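Notes follow the structure.
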Amino acid sequence: MTSTPTQHEPLTAAPAEPVPVEEGGAMTHREVLEALSGLLLAMFVAMLSSTVVSNALPVIVADLDGTESGYTWVIVATLLALTATTPIWGKLADLFSKKVLVQVSLLIFVAGSLLAAVSSSMGMLISARVVQGVGVGGLSALVQIVIASIVSPRERGRYFGYLGAVFAVATVSGPLIGGLIVDTSWLGWRWCFAVGIPVAAVALVVLQKTLHLPTVRREGVKIDYLGAALIAAGVSVLLVWVSLAGNHFGWASTTTALMVGGGLALLALAVLVESKVAEPVIPLRLFKDRTITLASIASTMVGVAMFGATVFLSQFFQLAHGKTPTVAGLMTLPMVVGLLLSSIVTGRIIARTGVWKRYLVGGSVLLVVGLGLLATLDHTTSMVTAGVSMAVMGLGLGAVNQNLVLAVQNVAAQRDMGAASSLAAFFRTMGGAAGVSALGAALGHQVAASVTSGLAELGIAVQGESGTIPDMDSLPAPVRAVFEAAYGDATGHVFLIAVPFAVVALVCILLIRETPLRTTIARADELEDARA
């Protein structure tokens with residue numbers, strides 16, 4: 001890569017010379033960091049949007065008269081939009097200006113944040129979170145794609161380590177900021193959504209000044225709108241089914257048959273369209289590669305664990321142990337520190353040695369063990385035990401999360417880098433959305449049953465929805481104890497359900513064939529074609 005900044009290309013495709021395949025590696029470490037500074041800031045804003053809300057959600061949902069289902073949907077709405085749009089953003093990155101796409105993603109995210117900040121009902125809040133998810137989907141996909149366009153796979157590990165650090169910082173600071181906001185009477189929970197807007201504005205300015213990428217023009221580009229719509233619709237229908245089945249209708253019911261059948265039919269049509277168009281959103285040829293297929297399955301399984309942990313642990317500390325939102329944020333520090341150390345250390349070791357599979361295997365083993373330990377949580381679990389369990393899981397997530405993307409990028413052709421990179425993020429967030437939906441439904445069902453049983457023992461008949469999240473401070477001590485026990489015991493059950501998914505991820509990672517990390521941005525066959 002040349003380190004001379006070039007003007008970014010407009011968001012249009014015009015005929016031009018074929019893009020030269022470069023042997024890369026000419027940018028210094030400082031130049032790469034300067035190019036990535038705005039992207040990392042944008043990524044921080046995206047991660048902050050989820051973590052700053054996590055500890056505030058019990059307060060938000062109670063204030064808007066929401067239920068456990070509504071609590072889950074505030075998270076799922078963002079994940080659903082993120083999942084459905086990630087492959088689309090990835091394909092657009094192969095066709096158009098990555099810089100402009102990042103800026104558009106940030107603007108969409110800001111619009112969603114403003115809508116969320118002024119929400120007056122659960123429905124409006126969930127809709128605003130969908131808009132946020134579209135923006136976050138672009139940022140999640142594009143930051144990894146930009147790194148792949150300027151850094152060789154051999155050096156990429158250390159920069160993915162920085163991504164892990166950004167994720168860790170957002171995970172630490174987000175709950176603390178969110179907790180302080182909701183604990184400060186003159187601020188209120190709405191500032192949880194507004195607080196990221198100034199940071200997003202700064203990120204836009206920094207991106208404009210620092211991110212300079214080589215101009216990429218593609219001849220005769222045609223965007224596969226039909227394929228994109230079918231993929232988004234099919235995934236969305238299946239995720240909505242997962243979140244509603246069991247509560248609003250039976251798992252074995254006519255509604256289930258219609259939704260599952262409809263979702264699968266839409267995805268089958270998407271596969272048919274993708275196999276025929278010139279520029280598919282998800283090139284099916286990518287799945288001919290064993291590494292990409294196995295990494296995609298593993299990413300789906302990891303997503304269940306990663307998103308489930310961040311969503312339900314905050315609720316566990318607040319509702320089962322009576323902690324304030326601020327303290328609940330501090331309680332997740334062991335997981336975040338483990339993730340931070342693991343992602344940075346493994347990234348640097350991989351960059352130095354070029355060996356990566358052993359760290360993926362070790363990380364997935366730790367993930368299984370960590371989830372198994374968290375499955376023992378109940379309302380009597382000590383904070384020390386919970387902290388150790390979270391630290392183990394954090395170490396596993398840090399070693400697995402970004403390195404799965406690295407494995408995919410190492411075998412992908414440069415022309416498909418956007419689509420290939422977004423696949424790992426797509427399947428991870430799809431697993432997360434499905435996991436949060438299904439695990440949230442399981443938690444809500446068990447909590448409702450436990451609360452109904454516990455209140456009956458106190459001689460209190462349940463009226464209305466027993467799954468409604470209460471204001472714990474306003475409850476009489478005996479009733480509060482019933483709710484604390486219900487949420488504490490149900491959380492351990494949720495992590496027990498997640499263990500088999502982590503085991504599947506481990507098996508897939510064991511089956512991946514390790515390929516040496518190349519020291520050029522393009523593959524050897526692309527370099528040979530360019531020389532010819």
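What you see is a predicted model; the values in this text were computed from it and never measured.
- In terms of the side-chain contact (heavy atoms from CB on, under 4.5 Å) criterion, residue partners of Ile88 (sequence neighbours excluded) are, by chain and number, Leu92, Ala228, Val281.
- Looking only at side-chain heavy atoms (C-beta outward), Val134 and Phe109 stay at 4.5 Å or farther from each other.
- No side-chain heavy atom of Ile60 sits under 4.5 Å from any side-chain heavy atom of Val74.
- Here Arg358 contributes atom CZ and Thr346 contributes atom OG1; the two are 13.0 Å apart, rounded to the nearest 0.5 Å.
- Trp189 places no side-chain N or O within donor-acceptor distance of the main-chain N or O of Val61, the cut-off being under 3.5 Å.
- The side-chain heavy atoms of Phe427 and Ile297, taken from C-beta on, include no pair separated by under 4.5 Å.
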Listed pairs under 3.5 Å, donor-acceptor, residues 360-371 side chains, sequence neighbours left out:
residue	atom	partner	partner atom	Å
Ser364	OG	Leu360	O	3.1
Ser364	OG	Val361	O	2.8

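- Looking at residues two or more places apart in sequence or on another chain, you find no side chain to side chain donor-acceptor pair (under 3.5 Å) involving Trp191.
- In this structure, the separation between CE on Met301 and CZ on Arg428 is 13.5 Å, given to the nearest 0.5 Å.
- Judged by distance alone, with hydrogens and angles left aside, the side-chain atoms of Ser343 form a donor-acceptor pair with the main-chain N or O of Leu339 at under 3.5 Å.
- Judged as a side-chain hydrogen bond (donor to acceptor under 3.5 Å, both in side chains), not a single pair has a partner in residues 390-400 (not counting sequence neighbours).
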task: Output, in order, the C-alpha distance, side-chain angles, deciding distance and verdict of side chain to side chain contact (heavy atoms under 4.5 Å, CB included) for Ile497 and His493.
output: CA-CA 6 Å; Ile497 296 174; His493 179 68; 3.7 Å; yes
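- Residues passing the side chain to side chain donor-acceptor pair (under 3.5 Å) test with Thr78 are Arg129, sequence neighbours excluded.
- Remark: side-chain polar atoms of Lys98 are not paired, donor with acceptor, to backbone N or O of Leu142 under 3.5 angstrom.
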message: Working note: Trp89 + Val102, criterion side chain to side chain contact (heavy atoms under 4.5 Å, CB included); need CA distance, chi angles, decisive distance, verdict.
response: CA-CA 9 Å; Trp89 286 111; Val102 172; over 6 Å; no
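- In this structure, a donor-acceptor pair under 3.5 Å is absent between the side chains of Ser296 and Thr293.
- Proximity of a side-chain donor or acceptor of Asn403 to a complementary backbone N or O of Ala399 within less than 3.5 Å is detected.
- With sequence neighbours excluded, the residues satisfying ring-ring contact (aromatic ring centres under 6.0 Å, His included) with Phe316 are His321.
- Looking only at distances, no side-chain donor or acceptor of Lys209 sits under 3.5 Å from a matching main-chain atom of Gly38.
- For the pair Glu514 (side chain) and Lys357 (backbone), a donor-acceptor distance under 3.5 Å is present.
- Atoms CG and CG, from Asp489 and Leu377 in turn, are 10.0 Å apart once rounded to the nearest 0.5 Å.
- Side-chain contact check for Phe193 versus Leu125: some heavy-atom pair is nearer than 4.5 Å.
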